[in-house]
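In what follows, a single structure is set out as structure tokens and then discussed.
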Amino acid sequence: MKQVALVTGASRGIGRAIALQLSREGYAVCINYYQHQALAEDLARQLRGEGREAAAIQADVASRAAVDEMVHRTEHTLGPVTLLVNNAGISRQGLFQDVDDALWERYFAVNVTGARNAIQAVLPHMLHEKRGCIINISSIWGLRGASCEVAYACTKAALVGLTRSLALELAPSGIRVNAVAPGCIETDMVRSLGSQTRDMLISQTPLGRLGTPEDIAQAVAFLASEKASFLTGQILTADGGFIL
Ligand code: NAP
């Protein structure tokens, strides 16, 4: 059966590395992006240049209509989605008292409702086939808690609940649901915190370095593979030992 992966938020950072890795493992890949069209289209061109099938498709994952349209276009262009990676996410540092309604709602709309929208859009085909794989990108901050990133940490904890509950509900249908909880990974998200915070995060990571997007892509590829065929409802922490 043709393997088709939809990776949300794949124009940059972790999502980009996941799309690259899955493509090299033989998946036709939908590279979802929100604002960075040129980056997403460059990646799709690069993958097609390597002889792979790839398409860059814009959608704000917070919008159910936009996600439905993206999944429809993916099916039309590449085929039905067999692997969904819910990677799109937003974060910003700030005091809890300064998180207004709009910011709180946007965090949940992108990080949690976005995953809900994408899962509900790809599920009909997976249920019909009685197979499929869903991987949510949570965070160590959703497991441990995070000062000055309370709203973000709440959304990432919600993805843990979503992963475990959905794994139970979908297991009888042959669909596995897992999550990766990355530690501190060298992307725009961490670079935006400044070099002092970056150095502090490195010093707090037992393995003594930030993770790379490729580290997370390898974890995702493993969970998606047959090697993980007996794993569901798991949260794979990839953090260099940060929360040990
Ligand atoms: P990033 O460099 O900031 O990239 C974020 C990606 O998400 C971009 O491709 C962006 O698309 C996309 N995106 C943002 N809002 C979107 C929306 N409404 N609809 C669709 N796509 C949207 O982030 P990252 O560091 O790679 O993080 C990726 C995931 O890993 C996130 O879920 C994050 O919470 C999680 N994570 C990251 C770290 C870390 O240390 N970096 C640690 C733990 C967990 P455009 O660029 O096209 O707008």
Side-chain angles (χ1 to χ4, degrees), residues 6-21 29-44 56-71 84-93 103 105-118 121 135-146 149 151-160 162-163 179-193 197-198 200-202 204-205 209-217 219-220 235-240 242-243:
L6 165 55
V7 185
T8 66
S11 54
R12 297 180 283 129
I14 293 171
R16 183 180 195 279
I18 294 170
L20 255 169
Q21 182 63 32
V29 179
C30 171
I31 298 152
N32 161 246
Y33 66 94
Y34 180 40
Q35 289 178 310
H36 288 89
Q37 179 177 8
L39 292 180
E41 285 180 351
D42 281 353
L43 178 58
I57 301 183
Q58 199 278 340
D60 176 353
V61 293
S63 158
R64 187 193 281 279
V67 170
D68 285 349
E69 172 64 17
M70 168 174 66
V71 169
L84 168 66
V85 184
N86 283 311
N87 167 79
I90 51 170
S91 80
R92 197 193 302 169
Q93 290 211 315
L103 196 52
E105 279 155 23
R106 185 64 183 159
Y107 274 121
F108 275 83
V110 175
N111 296 3
V112 185
T113 308
R116 188 281 310 260
N117 289 340
I135 299 173
N136 299 316
I137 305 300
S138 176
S139 167
I140 54 166
W141 309 121
L143 299 174
R144 199 196 81 162
E149 282 188 290
Y152 173 74
C154 287
T155 65
K156 293 296 170 176
L159 288 178
V160 171
L162 177 71
T163 300
V180 176
C184 306
I185 311 300
E186 182 91 63
T187 68
D188 294 343
M189 200 176 262
V190 162
R191 279 188 283 269
S192 70
L193 302 175
T197 306
R198 185 180 172 279
M200 189 193 69
L201 293 172
I202 292 173
Q204 289 176 5
T205 303
R209 66 170 176 88
L210 294 180
T212 63
E214 292 71 27
D215 288 325
I216 305 309
V220 168
I235 316 300
L236 177 54
T237 303
D239 69 345
F242 195 97
I243 61 166

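As the structure lists them, so they are numbered: ligands from 1, and atoms in each ligand from 1.
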Q.
Any salt bridge linking Arg16 with Asp42? Criterion: basic side-chain nitrogen under 4.0 Å from a carboxylate oxygen.
A. no

Q) With sequence neighbours excluded, what pairs up with Glu186 under the salt bridge (charged side-chain N to carboxylate O under 4.0 Å, His left out) test? A) Arg191, Arg198

**Q.** Proximal protein residues to ligand 1, non-hydrogen atoms under 4.0 angstrom
**A.** Gly9, Ala10, Ser11, Arg12, Gly13, Ile14, Asn32, Tyr33, Tyr34, Gln35, His36, Ala59, Asp60, Val61, Asn87, Ala88, Gly89, Ile90, Arg106, Val110, Ile137, Ser138, Ser139, Tyr152, Lys156, Pro182, Gly183, Cys184, Ile185, Thr187, Asp188, Met189, Val190

Q.
Taking salt bridge (charged side-chain N to carboxylate O under 4.0 Å, His left out) as the definition, give me every residue that meets it alongside Arg12, ordered by chain and number, with sequence neighbours left out.
A. Asp188

**Q.** With Phe242 via ring-ring contact (aromatic ring centres under 6.0 Å, His included) - residues at least two apart
**A.** Trp141

Q. Between Asn86 and Thr8, is a side-chain contact (heavy atoms from CB on, under 4.5 Å) present by the stated rule, with each step listed?
A. CA-CA 6 Å; Asn86 283 311; Thr8 66; 4.2 Å; yes

Q) Thinking salt bridges, do Asp215 and Arg209 make one under a 4.0 Å N-O criterion? A) yes

